[in-house]
2 protein chains.
Amino acid sequence: MTRQEERRAQTRAALLDAGAALFATRGIAGASVDAIAEAAGRTSGALYDHFGSKEGLLFALLESWVDAATAAVAAEQAAATSLDEWVAAMWRAVSDPPDGDGRWIALEHELWSYANQSDEARRYLARRYAAAWDAIDAVTGPWVEHPAEATRVGPAVIALLFGLEMMRRVDPDVVTDQLAVAALRGVLAGTAVPTT
Amino acid sequence: MTRQEERRAQTRAALLDAGAALFATRGIAGASVDAIAEAAGRTSGALYDHFGSKEGLLFALLESWVDAATAAVAAEQAAATSLDEWVAAMWRAVSDPPDGDGRWIALEHELWSYANQSDEARRYLARRYAAAWDAIDAVTGPWVEHPAEATRVGPAVIALLFGLEMMRRVDPDVVTDQLAVAALRGVLAGTAVPTT
DNA sequence: GTCGTTACATAACGAGCCCTATGTTGACCG
DNA sequence: CGGTCAACATAGGGCTCGTTATGTAACGAC
């Protein structure tokens, strides 16, 4: 990789990271192009050369996250040796993400709200979630048996994880780890049957 | 009530309704004061005379919703005669709200995102959710026994309802009524014990 | 070494935004 | 029925934003 290509790649990564941070903290509409560029140590000219528009940066951000999200789920699979352990690990990954602060949940909601106004964004999100649902289904395969297609485990588990994190943001004390784990186990029991 | 007071009340209600609709469809940042006033059949001058600022309208909106949300939960209590019926009714109330379109869920998420940037908005939301949690706890009282304080039913049920609605927005086909009811029953079973 | 090209930086424009200051019309009160 | 005030409407300022057009310095192939 030549020095020009290397610098370009660094700039792109910095812009994506700054975009994620500012979209999460100030909202997609509230984060200005100039502020994002400045946070990345560049100017708006660089952003437009890389992504063409503010929405272009947003879509690039969605693409770059596909791997990160499903990879996080797969990583927990290797570590956990029982369903209870896996449930606890999944909740830890959501409530206390390795990302540092909990900015990714805020960003996820920003994307969700934006998807309500843009069909293209909705399709991006749909692809991301479909992959995550499949990953959950695959990971829980060894422990539970999936009955009919109508009661998939993946969507239910991810729905509860997101909802619990929402409640925790509103009132951190009410969603204890104990509550989260109990609810997650309940959902699993409700949507699948344990394999002996 | 004099004719002046009556007109003022109508204007206030129209502005609140228009604000809710536009905040939900275009986002809080994306809905302009002029657009809200026009949708209400008034001008921005009326909005500033009533609420002082755009954020003032938002907070007034939050206040006016406290009763509506918890009232909806309470209304389902009277109709349902079994836990299963109640669960199905709750899901219907979320997935196919009497409001007509599903704009209120979008608005709820807009408020949530906004609360991430404003502590005052977060406190408003916290009060609203606390009331809703209590309502769920009270309504489920006849059917389940609440064990320790650490595993409250209310926050878990509302978390799942919101999460399921999010998933359904991304991909309407994946969250079937059957899946939603099964997951809700699972959460109830996981966080409480049935009486008798 | 030259020169086209790449990877940005700079400057500026036009649109849209929230808000304020002021005007206007009708309702209430004596 | 005249005066006062409430309930808006109108006009515009000041600012921010997304985007574009243009400049520039470093790079890389020959």
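All of these numbers come straight from a predicted model, not from anything done at the bench. All chains are named by letter (A, B, ...) in the order of the sequence lines, taking the proteins before the strands, and each is independently numbered beginning at 1. Quick note: numbers below take in every heavy atom, side chains included, and nothing from hydrogens, waters or symmetry partners.
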Any stems for DNA chain D, made of 3 or more Watson-Crick or G-U pairs in a row, each with both distances under 3.5 Å?
-> C:1-30 with D:1-30
Answer with base, sugar-phosphate or nothing: what part of the nucleic acid does Ala31(B) contact at a heavy-atom distance below 4.0 Å?
-> sugar-phosphate
Please check the phosphate of dC28(C) (OP1 and OP2 only) for any side-chain N or O of Thr2(B) closer than 4.0 Å.
-> yes
Separation of atom CZ in Arg26(A) from atom P in dT16(D), rounded to whole Å = 13 Å
Would you sort out whether Arg168(A) and Asp177(A) count as a salt bridge (charged side-chain N to carboxylate O under 4.0 Å, His left out), showing the intermediate values?
-> CA-CA 10 Å; Arg168(A) 212 175 66 97; Asp177(A) 290 353; over 6 Å; no
In a check of ring-ring contact (aromatic ring centres under 6.0 Å, His included) between His109(A) and each of Phe162(B), Trp112(B), Tyr114(B), which one passes?
-> Trp112(B)
State which of dA9(C), dT20(D), dT6(C) makes the closest approach to the side chain of Arg42(A).
-> dA9(C)
Once the angle between the rings of Trp143(B) and Trp86(B) is folded into 0 to 90°, is it parallel (under 30°), tilted (30 to 60°) or perpendicular (over 60°)?
-> tilted
Any Thr11(B) side-chain N or O less than 4.0 Å from OP1/OP2 of dC8(D) = yes
Leu15(B) CG - dA7(D) P separation (whole Å) = 13 Å
First locate atom CD1 of Ile28(A), then atom CG of Leu22(A), and finally report the distance between them rounded to the nearest 0.5 Å.
-> 12.0 Å
Starting at CG of Asp34(B) and ending at C1' of dT10(D), how long is that distance when rounded to a whole Å?
-> 11 Å
Which residue lies toward the 5' end of DNA chain C, Glu55(B) or Ser44(A), if each is placed at its nearest nucleotide?
-> Ser44(A)
Ser32(A) has a side chain; which of dG28(D), dC17(C), dG18(D) sits nearest to it?
-> dG18(D)
Taking the nucleotide of DNA chain C with the closest heavy atom to each, which residue, Gln4(B) or Gly45(B), is nearer the 5' end?
-> Gly45(B)
The nucleotide from dC18(C), dC27(D), dA11(C) with an atom nearest the side chain of Val33(B) is dC18(C)
When the distance from CD of Glu6(B) to C1' of dG26(C) is rounded to whole Å, what number comes out?
-> 15 Å
Heavy-atom count around Glu38(B) CD within 6.0 Å, excluding the residue itself: above 12?
-> no
Arg8(A), nearest nucleotide to its side chain (from dC27(D), dA7(C), dA27(C)) | dA7(C)
Starting from P on dC8(C), measure out to CD1 on Ile36(A) and report it in whole angstrom.
-> 16 Å
Listed nucleotide nearest any side-chain atom of Asp49(B), set dC8(D), dG18(D), dC19(C) | dC8(D)
Integer-rounded Å distance: dC8(D) C1' and Arg12(B) CZ = 16 Å
Would you say dC8(D) has OP1 or OP2 under 4.0 Å from some side-chain N or O of His50(B)?
-> yes
Separation of atom OH in Tyr48(A) from atom C1' in dT22(D), rounded to whole Å | 16 Å
Within less than 4.0 Å of OP1 or OP2 of dC8(C), is there a side-chain N or O belonging to Thr43(A)?
-> no
To the nearest angstrom, how far is Met1(A) atom CE from dC27(D) atom P?
-> 15 Å
Ranking dA9(C), dA7(C), dC28(C) by distance to the side chain of Ala46(A), first place goes to dA9(C)
Measure the CG-CH2 distance between Asp171(A) and Trp133(B) for me, rounded to the nearest 0.5 Å.
-> 4.5 Å
Would you call Arg127(B)-Glu63(B) a salt bridge at under 4.0 Å N-O?
-> yes
Picking from Arg42(A), His50(A), Glu6(A), what satisfies side chain to side chain donor-acceptor pair (under 3.5 Å) with Thr11(A)?
-> Arg42(A)
Does dC8(C) have OP1 or OP2 sitting under 4.0 Å from an N or O in the side chain of Arg7(A)?
-> yes
